[in-house]
2 protein chains.
Amino acid sequence: MPMLTDPVAHLRDAGLRVTRPRLAVIEVLGRQPHADVDSISDAARAELGTVSTQAIYDVLKALTAVGLVRRIEPAGSPARFELRVGDNHHHVVCRSCGAIADVDCAHGSAPCLTASNDHGFSIDEAEVTYWGTCPDCSASTTSTVRQIPEGTP
Amino acid sequence: MPMLTDPVAHLRDAGLRVTRPRLAVIEVLGRQPHADVDSISDAARAELGTVSTQAIYDVLKALTAVGLVRRIEPAGSPARFELRVGDNHHHVVCRSCGAIADVDCAHGSAPCLTASNDHGFSIDEAEVTYWGTCPDCSASTTSTVRQIPEGTP
DNA sequence: CACCTTTTCTGGAATCATTCAAGAATATGC
DNA sequence: GCATATTCTTGAATGATTCCAGAAAAGGTG
């Protein structure tokens with residue numbers, strides 16, 4: 001992962017000051033991709049002892065603005081963040097537990113960007129969200145939805 | 001638009017009671033696709049005289065649950081709703097003004113659903129959001145950002 | 001057609017994520 | 001080392017959405 005080799009250098013390259021909260025956030029995102037603000041705060045606090053929620057929001061905004069971090073926001077779930085990796089990947093979101101995983105689009109590096117360039121919009125990005133059920137949730141909900149315990153005849 | 005021929009029948013078919021707020025919401029969505037809750041409330045109130053915000057939310061939830069209405073939620077914007085049409089279309093969202101337009105995916109009726117079925121998720125829907133600039137915003141921001149009116153030499 | 005049950009609507013308050021504001025602390029260039 | 005611009009802290013505000021309990025209305029039934 002070229003992204004994590006030197007967070008300090010990456011911050012400097014982006015013209016951002018190197019601060020402890022920023023390094024902590026980057027470090028956390030390296031370990032937990034798709035984390036939400038809450039998880040990031042918790043993990044960062046575990047590392048630094050204390051960080052304000054504002055600082056986390058500000059850091060994420062700054063990192064997102066320079067493109068070091070990417071913000072994803074699946075419907076119905078708070079914003080999540082991931083280290084920006086060069087490749088053009090998308091996400092699968094679990095309908096029941098909200099888990100997110102990366103998915104490389106089947107069409108190579110520039111998937112689906114060829115919308116029938118409708119309505120005069122100039123399109124610069126195609127974001128694909130796959131909705132489904134994650135392995136864990138599939139396992140616990142065998143076929144249809146049945147809450148009745150096994151032993152009930 | 002087969003969807004609008006008889007809202008009453010559609011409600012009945014879906015097993016929902018026919019109430020004035022529901023008819024109003026459907027009627028409004030027929031005229032303003034991609035409306036947010038606020039616009040829907042306003043338009044519905046203009047028609048019925050008075051409707052509580054709750055009623056609007058409840059109606060939208062009920063209609064969405066039975067599939068008569070589809071909820072879309074582009075990042076950074078409140079939820080928007082559209083009458084569920086059978087075809088599998090996607091949306092272009094304008095980055096500066098938030099305008100939304102429908103886009104038929106270039107791949108026919110089941111676009112991009114062929115994600116490299118990663119991580120064991122069972123995928124049932126692919127949602128594509130195109131991000132760009134709408135004609136109006138493109139026009140007012142000619143090349144770089146310039147607010148200077150045309151007549152200024 | 002009147003009645004009864006279920007579902008829906010009203011009004012008000014609560015929640016969650018996110019943002020705003022003003023001052024204190026800190027990183028960086030000279 | 002110091003000055004200054006940027007970043008972090010604390011505390012409160014905002015906006016969308018949901019929860020709650022009671023009043024009203026819809027639709028099937030006798």
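Order of the sequence lines sets the chain letters (A, B, ...), proteins ahead of strands, with each chain counted from 1. As the structure is a computational prediction, the values presented were derived from the model and not from experiment.
Note: CG (B/D36) to P (D/dA16) measures 8 Å, nearest angstrom.
For B/R80, the side chain to side chain donor-acceptor pair (under 3.5 Å) criterion is met by B/S77, not counting sequence neighbours. Not counting sequence neighbours, B/S96 has no partner by the side chain to side chain donor-acceptor pair (under 3.5 Å) test. A/A65 pairs by the side chain to side chain contact (heavy atoms under 4.5 Å, CB included) definition with nothing, not counting sequence neighbours. Take B/R17 and apply the side chain to side chain donor-acceptor pair (under 3.5 Å) test, not counting sequence neighbours, and it matches no residue. For A/Q54, the side chain to side chain donor-acceptor pair (under 3.5 Å) test picks out no residue, with sequence neighbours left out. For the side chain to side chain contact (heavy atoms under 4.5 Å, CB included) test, residues two or more places apart in sequence or in another chain that qualify with A/A14 are A/L16, A/V66, A/L68.
On the nucleic acid side, DNA chain C contacts chain B at distances under 4.0 Å to non-hydrogen atoms, with the end points of that region at C/dT6 to C/dG12.
Identified under the salt bridge (charged side-chain N to carboxylate O under 4.0 Å, His left out) test for residues 92-101 of chain B, with sequence neighbours left out: A/D124-B/R95, A/E125-B/R95. The stretch residues 16-72 of chain A participates, sequence neighbours left out, in these ring pair (Phe, Tyr, Trp, His ring centres under 6.0 Å) pairs: A/H34-A/H91. Residue pairs that meet the salt bridge (charged side-chain N to carboxylate O under 4.0 Å, His left out) test with at least one member in residues 55-71 of chain A, sequence neighbours left out, are A/R70-A/E82, A/R71-A/E73.
No side-chain heavy atom of B/F81 sits less than 4.5 Å from a side-chain heavy atom of B/V25.
Each end of the helix from C/dC1-D/dG30 to C/dC30-D/dG1 gets its own axis from five base pairs, and the two axes differ in direction by 30°, given to 10 degrees.
Across all strands shown, B/R80 has no heavy atoms under 4.0 Å from either base or sugar-phosphate atoms.
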Could you run through nucleotides 2-13 of chain D and give me one letter per nucleotide, 5' to 3': B if any protein heavy atom sits under 4.0 Å from the base, S if only the sugar-phosphate is that close, - if neither?
-> ---BBSSBBB--

